[in-house]
Number of protein chains: 2
Amino acid sequence: MAKETIQKKVFLEIVQQLRQLIQTEKIQAGEKLPSERVLSERLGVGRSSVREALRSLELLGLIETRHGGGTFLATTHKHQLVEVLSMFILEDERSKKDVAQTRQIHEKEAIRIICSTKEMRTSPVWESFFVKLEIEGTVNCRDILREIMITSGNRLALKIWFQLAAYDGDRLNRQSTEDEKIMIQTLLKSLELGYQQEALKAYGQWMKHLDNQGGVKRGNT
Amino acid sequence: MAKETIQKKVFLEIVQQLRQLIQTEKIQAGEKLPSERVLSERLGVGRSSVREALRSLELLGLIETRHGGGTFLATTHKHQLVEVLSMFILEDERSKKDVAQTRQIHEKEAIRIICSTKEMRTSPVWESFFVKLEIEGTVNCRDILREIMITSGNRLALKIWFQLAAYDGDRLNRQSTEDEKIMIQTLLKSLELGYQQEALKAYGQWMKHLDNQGGVKRGNT
DNA sequence: TGTTGAAAAGTGGTCTGACCATTTTAGGGT
DNA sequence: ACCCTAAAATGGTCAGACCACTTTTCAACA
């Protein structure tokens with residue numbers, strides 16, 4: 001038979017073609033994609049196949065859909081990616097530890113990079129955080145770590161970090177306590193001066209402190 | 001109407017429920033999942049919705065489907081994931097650098113962990129690689145790094161690493177050259193002895209060597 | 001009895017049409 | 001010019017049909 005019938009997964013073909021379409025039509029992030037029905041007709045496939053492709057891309061966070069509104073190229077990359085992965089692969093207690101550990105791997109590396117790069121070290125944000133901490137006595141823990149990740153300049157690592165940070169967000173997205181003030185200030189100052197050893201040490205103490213507080217929500221002392 | 005209609009994306013619900021189902025039924029990697037029609041009925045949703053969820057998971061490489069055969073929990077790591085992500089996000093040169101850098105972040109951390117953990121250090125694999133290198137004169141670069149990642153024991157980091165390694169696989173999945181022999185042996189020996197500084201230094205040299213060779217395929221000297 | 005081969009059942013792959021819920025647009029009335 | 005409502009556009013879901021491929025079943029044959 002000259003059938004051959006190689007037919008490789010239509011919905012994967014569609015993912016490819018969508019990408020081409022985005023390129024040729026020069027669709028920018030945040031802009032609207034053709035409707036499912038239009039895509040279906042233009043690509044010569046059924047609407048359900050188009051949807052399978054779109055849903056996949058949505059799970060990856062590459063597109064956003066608004067019911068009744070349309071489909072849009074994603075602006076912020078908030079893939080469910082790691083979340084979904086961890087949902088399937090890492091379900092036990094140990095895996096939560098893996099998530100925290102992996103997150104800290106990226107944070108530590110970011111600190112190393114910042115300390116050894118003049119332009120990053122001398123960013124005014126460290127000073128501003130330091131002052132804010134001095135005046136208000138507290139800052140948002142997640143904000144500092146995010147700023148560290150952003151400054152280090154690796155976009156992929158940043159995306160991965162966002163996912164990991166979202167995962168154990170409860171422990172991270174909160175105001176710092178009095179106990180942490182000195183550790184955070186040491187970290188910030190060391191960053192600014194490029195003292196890598198000091199910075200990592202302060203960071204390590206801070207994380208240890210966080211771990212000790214655990215998931216337990218303590219109202220106050 | 002007491003409709004409420006909060007209905008948040010059924011296909012995302014299904015992804016969740018699939019995970020639960022896998023857990024409760026204790027479905028192992030490589031084993032078969034219920035058919036789409038069965039899932040559709042059991043979850044009380046349309047088959048197309050089930051498919052949208054399954055297709056998403058397939059794109060992530062979490063499941064494999066065989067036409068006419070069934071759907072299976074994935075065993076091998078051949079996700080389109082990195083491919084698709086790169087297709088949409090990482091197109092320029094800079095992001096390829098990000099991928100390599102991010103991969104190396106995990107490898108370096110793995111080396112640190114191994115050096116400071118007696119059980120990991122004393123694994124016989126390091127010696128066996130060393131001997132193999134001595135006798136045959138060459139080993140597969142990717143194999144060594146993979147073993148390092150596996151040994152370090154962070155499953156999430158391993159999963160991420162697999163994806164990153166798949167991305168610039170050409171440069172990684174090949175036999176080592178004569179030039180690299182000494183660096184790799186130093187790395188292995190340092191790992192075994194727990195000399196973290198030495199190990200990282202040897203690793204750094206090795207990676208630098210890889211970068212210099214770049215994507216260019218040089219037959220020989 | 002054991003083998004083989006074709007039919008049947010099971011399963012993924014795709015398309016079509018229908019209906020609902022939400023958002024956007026268009027028109028008409030003031 | 002403004003506002004409100006009806007219509008259109010769009011995504012969300014479901015049901016049914018048909019195809020292609022794989023697995024199973026079972027009867028005919030050696």
Side-chain angles (χ1 to χ4, degrees), chain A residues 1-18 21-22 25 27 30-75 80, chain B residues 1-18 21-22 25 27 30-75 78-80:
Chain A
M1 278 302 182
K3 276 286 277 291
E4 289 304 332
T5 3
I6 295 295
Q7 55 184 29
K8 15 165 54 168
K9 311 264 185 197
V10 167
F11 97 95
L12 281 179
E13 281 292 325
I14 295 178
V15 170
Q16 287 261 9
Q17 292 194 283
L18 275 177
L21 185 136
I22 289 171
E25 308 249 339
I27 299 176
E31 289 184 353
K32 195 171 171 183
L33 268 60
S35 75
E36 297 179 351
R37 290 171 177 84
V38 171
L39 283 174
S40 158
E41 191 174 351
R42 207 198 289 191
L43 302 181
V45 296
R47 192 183 154 204
S48 40
S49 294
V50 170
R51 279 187 61 80
E52 289 182 7
L54 289 177
R55 256 7 82 211
S56 299
L57 295 180
E58 185 179 6
L59 192 67
L60 286 178
L62 295 173
I63 61 174
E64 292 174 353
T65 53
R66 300 172 205 159
H67 191 172
T71 307
F72 302 81
L73 249 193
T75 53
Q80 323 291 345
Chain B
M1 278 301 190
K3 277 287 275 288
E4 289 300 337
T5 3
I6 294 295
Q7 54 185 29
K8 15 167 54 173
K9 310 267 183 194
V10 167
F11 98 95
L12 281 178
E13 281 292 324
I14 296 178
V15 171
Q16 288 259 10
Q17 293 194 282
L18 275 176
L21 185 137
I22 290 171
E25 308 249 340
I27 300 176
E31 289 183 354
K32 196 171 171 182
L33 268 59
S35 76
E36 296 179 352
R37 290 172 177 84
V38 171
L39 283 174
S40 160
E41 191 174 352
R42 208 199 287 192
L43 301 180
V45 296
R47 192 183 154 206
S48 34
S49 294
V50 170
R51 279 186 61 81
E52 289 181 7
L54 289 177
R55 255 9 82 212
S56 299
L57 295 179
E58 185 178 6
L59 194 67
L60 285 178
L62 294 172
I63 61 173
E64 292 174 352
T65 51
R66 299 171 205 160
H67 191 174
T71 307
F72 303 80
L73 253 191
T75 53
K78 48 172 177 178
H79 351 192
Q80 322 289 346

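Model, not experiment: these values are computed from the prediction. Convention: sequence-line order gives letters A, B, ...; per-chain numbering from 1.
- Between A/R51 and A/E36 the shortest side-chain heavy-atom distance falls below 4.5 Å.
- The phosphate of D/dC14 has neither OP1 nor OP2 within less than 4.0 Å of any side-chain N or O from B/S40.
- Among the atoms of the strands shown, base atoms are found under 4.0 Å from some heavy atom of A/G68.
- Across the protein-nucleic acid pair, B/E41 atom CD and C/dG10 atom C1' stand 15 Å apart, rounded to whole Å.
- With DNA chain D read from its 5' end, the first of the two nearest nucleotides for A/S48 and A/G69 is the one closest to A/G69.
- Distance from the side chain of A/V45 is smallest to C/dC15 among D/dG12, C/dG12, C/dC15.
- Between A/R51 and D/dG12 there is a side-chain N or O to OP1 or OP2 distance below 4.0 Å.
- Residue A/E41 qualifies as open at atom CD: its count of foreign heavy atoms under 6.0 Å is 12 or below.
- Distance B/K32 NZ to C/dT11 C1': 7 Å, rounded to the nearest Å.
- Between B/L54 atom CG and C/dT14 atom P there is a gap of 13 Å when expressed in whole angstrom units.
- The interatomic distance linking A/H67 (NE2) with C/dT23 (P) rounds to 8 Å, in whole Å.
- For the OP1/OP2 pair of D/dG11 and a distance below 4.0 Å, the side-chain nitrogens and oxygens of A/T71 include at least one atom meeting the criterion.
- For the pair A/E36 CD and C/dC15 C1', the interatomic distance rounds to 15 Å; values are reported in whole Å.
- Counting to the nearest Å, the C1' atom of D/dA9 and the CG atom of A/L39 are 14 Å from each other.
- Rounding to whole angstrom units, CD of residue A/E64 and P of D/dG11 are separated by 14 Å.
- Residue-to-nucleotide proximity on DNA chain C shows that, of A/R37 and B/R47, the 5′-proximal contact is made by B/R47.
- If A/E52 and B/V38 are placed on DNA chain C by their nearest nucleotide, the residue sitting closer to the 5' end is B/V38.
- The shortest side-chain heavy-atom distance between B/L18 and B/L39 falls under the 4.5 Å cut-off.
- Remark: B/R55 is in phosphate contact with C/dG13, judged by side-chain N or O atoms under 4.0 Å from OP1 or OP2.
- Dashed line: the shortest gap from a side-chain N or O of B/S49 to OP1 or OP2 of D/dC14 is under 4.0 Å.
- Atoms CG (B/L43) and C1' (D/dC14) sit 14 Å apart, rounded to a whole Å.
- Of the N and O atoms on the side chains of A/T65 and A/E58, at least one donor lies less than 3.5 Å from an acceptor on the other residue.
- Under a 4.0 Å N-O distance rule, the pair A/R42/A/E25 qualifies as a salt bridge.
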